Every structure is written in C-alpha cells, then in structure tokens.
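The shown structure was predicted, so the numbers you read here are calculated from the model rather than taken from an experiment.
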Amino acid sequence: MSHSTDGTNRRRASRRPVKISWRRWARRAVLAGALAAAAWLLFCIVSALVAFAALPWGGLAAGQPSVVYAADGSEIGPLTAYAYQVPVTLDELPPAVAQAFVASEDIRFYQHHGVDPRGIARAIITNLRERAIAEGGSTITQQVARNTFLTQRQTLTRKVREAVLALLLEARFEKDEILALYLNQLYMGHGTYGVGAAARLYFNKDASELTLGEAATLAGIAPAPEAFSPLRDPEAARVRRDAVLDRMVAAGYLTPEEAEAEKAQPLAVSQGEVEPAASHPWYMDEVRSELRERFGLKAEQVALMGLRIHTGMDPVLQEAAEALLAERIFPANTPDGVEAAFAAVDPRSGDVLALVGGREYPPGGGLNRASRGRVSPGSVLKPVVVYAPAIEYAGMTPESTVLDEPLNVNGWEPQNWDHQFRGEVTLREAARLSLNIPAIRLMDQVGVERARAFAKRLGIPVTDADRGLTLALGAMAEGVSPLELAGAYQAFANGGTYRTPHLITMVETADGRVLRGREVRARQVMRPETAHAVTDMLTTVVQQGTGTGALLDRPMAGKTGTVELPQGDAFAGLSGNSAAWFVGYTPDVVASVWVGYDQVDPTHYLPPEVNGSTYPTWIWRQVVGTALAGRPVLAFPGPDGGAPQVVESPVQEEPAEPATPEPPAEEPAQPVLPAIVDLAASPGPQPGSVNLTWRAEGGNAAAAGAQFRILRSSAAAAAATEAQVVATVAGPPFLDVLAEPGIYVYWVVAVDPATGAMGQPSAPLPVEVRMEEPGGEPPGPGNEGPEEPGEEEPGDVGPGGESGGEEPGEPGEEEPVTGEPGSGEPGPEQPANGHPSGREAGEGTPDEGTPAEGARAGGSPGQGPQQGGTPGNGGSGTEPGEKGPGSETR
C-alpha cells in the first residue's frame, strides 16, 4: 500500500511544471543580445577593413585626378567621378578656403583622430534642443570615408563602418591630405562636385582666386547646396556666409572686425559655365565600368587616386566614328530618333580601338548602345553559329555544297529573301547571298547545341531560350551588342583566337607601380583552317555580295544584316526595317556598325533604303577607311595561322643624296599632285543625296597618301576658290547629303597631307538635287526619266556607289514570306510561340498585343538596344542589297 502511494506521488510530481527562474531567462537574453551585438560589431569592423584593404597601392592622391591615355600615348583627359568636377590641390587654394570649411564643418578637425566624441555629444544636445536634426556629428574624415567607400544610406551599420574607416584613414593619411580629398568630393549643388567646380559655377573663377567672402559662401552652402545656392536664394546664401564668418572667429581664424568687414560686402555672385570633361565620353564611360569590374575600383576612388590609365583607343578611329555618327547622314524621310552605334577591336590584342554608343552623348550620360545594347543580330550571326561550326565540326569547306530547297520544320516553312530556291549551292554562295534555308540546314546538320557552345566560346551571350533552328537566322532571346559581335569576329581575323574585348591595357598608380587587375585571357576557339575558310567566304561577301559598299583597297571581309519590321497588325502595310548591321574586318581592325531605334513602333522605323547593305557598310567604309589611310596593308593569316604579314608599307619618300650640296637658298622640291578626272555624280540612297566618284591620274604624291578635298557651291557661276569645303577623304566614292533641293556645283582637288599643298581642282560638275521620295527621278541634270538608256532607277545606288543586281540570285532586297502557322504544340525546332515565320529569325512580335506589350514580355529582337525577344519572333536577318528596277520591299 505504501509502495503504491509513493508511486502515485512520484507520478503527480513528474506532471508538475518545472519552474525556471526569471533571472536565468534574463541572463540568457542578455547573453544572446551581447553575442548578436558582438557579431554585428565584428561584421562592421571586418567589412570596413576589407573595404579599406581593397584600396590599391598608392591609395588616394588628393587633388591629382586620374588621367586616361590613348594607345599612341596621347592624353585623352581626366577621369573624374562626376559630370562637373575640377580637382584641386590644397596648395593652390587660398588659406581661407580650408579655414572656412574646417570652421563650418569640423572645428576640431586638427585635434581628433577621425571620430570626435565631443562633436557627437554637441550634435546630440543641439538636436535635442532644436527638436530636429540641426547639426551632424560626422567629422570631415568620416565624410571622406562615406564618400569614398560607402553609400549615403542612413543606417547604424553604415555609421559604425564609417567610424572604423575614418580611424583607418587618419592612420594612413595626413590631415591636409584628408582635407584636400574632402574639398574635392563634397557636393556643391547644380551637379557640381568639389570647390574647384563650385568656384567656376558661382563666381566664374578658378578656386585659386577665391576671396575670404567667397570661401565662406561656399562653406556655408555645403550642408544643403540646393537650398542655400546663391543662384536660387541669394539671401539664404548671405545668411549662411555670415554664420561661417562667425564660426571662423570662434575658431581663431578671423578677428571680429575682419568678419564684420566681410559681412558688409555683397555676395558678388557671377555665374559661370561649367562644362564636363567631355573628351570621348562614350569610351570614358566604359573605362569607368572596366575599372570597377576588372580592378574593383569605385569611380569616387579613381577620380582622386592620380592613376595613369592606358587604353587601346585609336584616336583617329574614335574621332572619325563620333564625327560621322553625329552628322545628318540618314534619309530625309527617316523618322526622328534614329540611332547608331560603332565598336572596333584590334584582333591582334583584343584592345577596344573605338566605342561610340550613340549619335549624341546626352547630358549626364545614357545607355552605351555599343557595349551595353541588346539587339537582334540578324544575319551577322550566321558566320558565328552556322558557317564556322559547319567547317569546324562537319569538315566542310567554302566549296562544299548544301541544298537550297523547300523546307518544313514541324510546320515552319522558312523562305529565302527572294522566294527562290537554287538547288545545290556552295557555302560561299550561301554566304554571299545570305540565303536562309542553307543556313538552317547547316545548323541542323551540325546540331543546335554545338552551334550554341561555339557561339559562347566567341563571347556571344546565348541563353537557354536560344535552342531552336531559328538561331541560324539570328533570332536571340536577349540579343547582342555591337562590341560583342566585333569581339566574336576577331577570331576569324587572327587565325582562331578569342580575347575578351577590353579597353584598359595598363594602370599605373600615383607612385609609379602597375596596378594588377583581372587579366584578359586568350583562348584558341577554332582551328586556324576554320578561321581562314570563314574569312575567305566573307571576303567574297564584300567583293561580290551584299557588303560591297564597305570595300576598301586592302584585304577585308565582312557580313551584313537587316532586321525587318515586326509582324502584327500594328505594322501591317508598312515597308521598312527595324535595324541594320554590318560587321567588317581587316587583319588589324574589326568594326561593328548598328543602325536602328531604341524602341521600334509604327512611327519609328527605318525606311527600306536603310538596310545592312547601304548605310552600315557606308559608315564602316568612311570611318575605318579614314583610320587606315596611309597605314601598312596587312594580309590575313593563312590556313596555318600566325601573325598577319605586311604586303604593302606606306612609301616614305627620302630625298636622294645629291652629288654636291645644294645651295641653301634653293627651295625643296614640291610634290606633284595627281589630276582629278572623270568626276561623276549619281543618285544617293535617299532623296537629297549625291554619290560622287572620280579618278586620280599622274603625280608623285599619290603613293604617299594623297587625300581628296570635296568642294561644293550653290552658286552656278562660282569658282572653286569660293566654294565650301565639304570634306577631305582618302578616296572615292563620297556621299553628300543636302537639306535643300537645287543646283549645286562640285569640284574635287588632291591634297598632300604632309604639306597641305593642293593640286588643280577638277572640272566643275553641276548636279541638280531633288527631294522626291523613292520612286521619283534621280538627282542630276538632264534627267529624262527611268526609261532613258543607262539611267539608274532611284535606289539603284547605295552609299558605296555599287549598283544592285536585278536578276534572281544577285544580292537584292530580301523579302521573306511568312509561312502558315502550325497547329498544336511547337516542335523542338519550331519557333517557341507556335507561330512559324518565313522571315529570318527575330522579325516578328508576340502573337497577341502591341509592340510595347511584346517588349514587356521579353520583346522582339530588333525593338531596340535593350530589347530581346523570343526565338523566331524578332527581327529579320535578311540582307537587302541595292534594289534593281521593279524590286519590292517589305
């Protein structure tokens, strides 16, 4: 009985709740909180140390801007972090400038070690008394730490990291160095940074000329420059100036009498023009990006590190591309907003020679279409995903044959541009005519996955969505940039080696050491025989095919591409294109040209005459031809690879040694310039344009690189000496675009670039310029209409001056035909939306909705530099050539 009672009592006791003392809970909570706080504090300290350790050798160099240099050693300009920044050193500033900012912002700057507990306490008391944030506790050193390493977000973590970084800065730099960094970094309103730019903006003078009152004014507006700006509120700026003068008295920098005398003076604001350092801004923007991505440097750090940044820029090529794209070069009937981009790479090194991201650089910067744009490539992708893989993997050659016959892939019936089928054609002929069906058959034979892998090795950003045969026609879900295409083609030019395109070749710190970043690696991506064969095929394209408008008098190759308008009701009945491409290369330059719109819609698209065969090839020839004029002529590597060989060097005329010294008074022999004969004009590719051709005969300066000056006058009786100089070019042809109709007179004269001497002008050539749309009479005197024997129909002549073929099989307008939609689910090689198109990949819009809706859903390739799209649903890879009479366009 007792045993049973004891057991019952034990069971009852076991069911009673166990009481834990509240003190134990409190201790556990305090311990957990302390551990969390310690971990957080440790994170703040470690992250601050990591950020500070990332600052490379040489560190920050107060007042010494980082400078960018071109490949030839010439200075491009300073690389500031902001649009309006004029770096200054403390030595060149009047003492009053530093004194005003120290008194106003951190009166104990020279006493503390980066963090000022007294200042923090004073700020807390002031803010409590004012019941607002009236004073901050950050020291000048903390502000430098924040501007250099951190964001402006107001968080406790940032404040702790800021304090740690301030202590580290004080340990590494002198006080005056930190103050100079601060004076160059702080925001001063209206887009200006630093006292150098602020002095120019508010007082129209250099910072070295600032007076005491002007220094106090700048220090006064610094805490809230937009609110206290003397340009917006002179009275508020005056009150702030006077408050700073009082602070300077308290700091011992001024006597009360000096302060009162300065307060009696007017502000004397004189607004100046502050211009950003705008030398080659598209290229400089990408230099900033590469410094961040390859070297881990923020723009704020780079601006004040005194770096010497060496790049691969070719100044002649860069300037020529910028100048030409900025001109009015497109047809008068082209809607406003047409854009263009240009990217060039040296295939021997991977250096980016030139980069132009748009026709004009917008204030404050904008999308760099050359490096960051994403557009459907159309047929310029064929060499990368079709021809090269077929040669590399299937053992084919340019003379191998492929069937050009009707094709049905799960209901998708693609067509060639001319609706014709040619039976068996060679790869060379398929490339020359940019035929679609042979390209699709070749990719099917090689395999889509192998083609995708090959493209990836060449730097083309294919995605998981790019898995259909429409990739053979240039359909990409996200598109590609001009720089990426130039980078891919470099492997064809150099024997099969791919190097990631890069702008920066070397970075030196302020103390002369070389800064190490992520290296650019080279890799062999195809056999030299493959690269040689592709180049051989693409040489035919520019000699006899769709790329003749780009042809230079030296070894070169290339491929055109045209992205047609999207399908859909919104574009029904419209004739034109979304975008146009040309990628061409010599052994020493690979350049990519894109023309199109940021957003294509029924009122913003390219007219039919702007296609891959016309304007992109002409732009390429004008820009690259200008840059290569007078340079050695190189031959492409052979089937075994190797470096390009010089086949012709510029003639360096050396005076023959005379038997006896010539009398010193005798003038040196002048070059004999060639005569200009057979000057002729033909209609350009749009209303109001004239294409000039001529021949140069005789002279001894032609071999040394004589250039040709184009003269024009609107007065019929004018002489050549009274004419306007239109341009100076390396050779014919030249396309002139006029804004008004009328009769113009042209002359061409040879010029010796070495001496500036000019030859005799050609005979005058009067040309009547009309402004009819395509279909009207061509410009020129004495036109009797298109029935006149030998008369060229409007549109026959593109910028390059070559006339297009009329017979099927010659490069002409590519007009794909839309196939019938398939039923049911799409097959593995059918366009993903189940709406097959006979157009080359990339030209349509989504099945439902407006073009804008399609863009939101991923867009259709060709919609703009940031618009991609689904495979088979975007812009065409068609290759319109110059049109013959009776040809149609879509």
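Counting heavy atoms from C-beta outward, P377 and M476 have side chains that approach closer than 4.5 Å. Looking only at side-chain heavy atoms (C-beta outward), E286 and V352 stay at 4.5 Å or farther from each other. Side-chain contact between R369 and D598 is present, with heavy atoms from C-beta onward closer than 4.5 Å. You'll find the side chain of M556 reaches within 4.5 Å of the side chain of T586, heavy atoms only.
Annotation: side-chain contact (heavy atoms from CB on, under 4.5 Å) contacts of D640 (sequence neighbours excluded): none. Residues meeting the ring pair (Phe, Tyr, Trp, His ring centres under 6.0 Å) test with F342, sequence neighbours left out: none. For E484, the side-chain hydrogen bond (donor to acceptor under 3.5 Å, both in side chains) partners are R374, S481, not counting sequence neighbours. By the side-chain contact (heavy atoms from CB on, under 4.5 Å) test, R292 pairs with S289, sequence neighbours left out. Scanning for salt bridge (Lys or Arg N to Asp or Glu O under 4.0 Å) contacts around D588 gives an empty result, with sequence neighbours left out. Not a single side-chain hydrogen bond (donor to acceptor under 3.5 Å, both in side chains) links R359 to another residue, sequence neighbours left out. Remark: P347 pairs with Q490, A493, N494, V590 by the side-chain contact (heavy atoms from CB on, under 4.5 Å) rule, at least two apart or across chains. Remark: E293 pairs with R372 by the salt bridge (Lys or Arg N to Asp or Glu O under 4.0 Å) rule, at least two apart or across chains. For the side-chain hydrogen bond (donor to acceptor under 3.5 Å, both in side chains) test, residues two or more places apart in sequence or in another chain that qualify with R631 are D314. Evaluation of the salt bridge (Lys or Arg N to Asp or Glu O under 4.0 Å) rule for E424 yields no partner, not counting sequence neighbours. In this structure, the side-chain contact (heavy atoms from CB on, under 4.5 Å) partners of R518, at least two apart in sequence or on a different chain, are R294. Partners of E322 according to the salt bridge (Lys or Arg N to Asp or Glu O under 4.0 Å) rule, which considers only residues two or more places apart in sequence or in another chain, do not exist here.
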| Audit row: Y585, F636, ring-ring contact (aromatic ring centres under 6.0 Å, His included) steps and yes/no | CA-CA 10 Å; Y585 58 97; F636 287 111; 5.5 Å; yes
| Derivation of the side-chain hydrogen bond (donor to acceptor under 3.5 Å, both in side chains) call for N408 and E413 | CA-CA 5 Å; N408 186 310; E413 297 181 355; 3.0 Å; yes
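With rounding to the nearest 0.5 angstrom, the OG1 atom of T311 is 4.0 Å from the OH atom of Y283. The distance from the CG atom of L307 to the CG atom of L291 is 7.0 Å, given to the nearest 0.5 Å.
For T500 against V520, the heavy-atom pair with the smallest separation is O-CG1, 3.5 Å. Annotation for P587 and L634: closest pair CG-O, 3.4 Å, computed over non-hydrogen atoms. Smallest separation of non-hydrogen atoms from R467 and E449: NH1-OE2, 2.6 Å.
Taking a cutoff of 4.0 Å between a charged side-chain nitrogen and a carboxylate oxygen, R288 and D285 qualify as a salt bridge.
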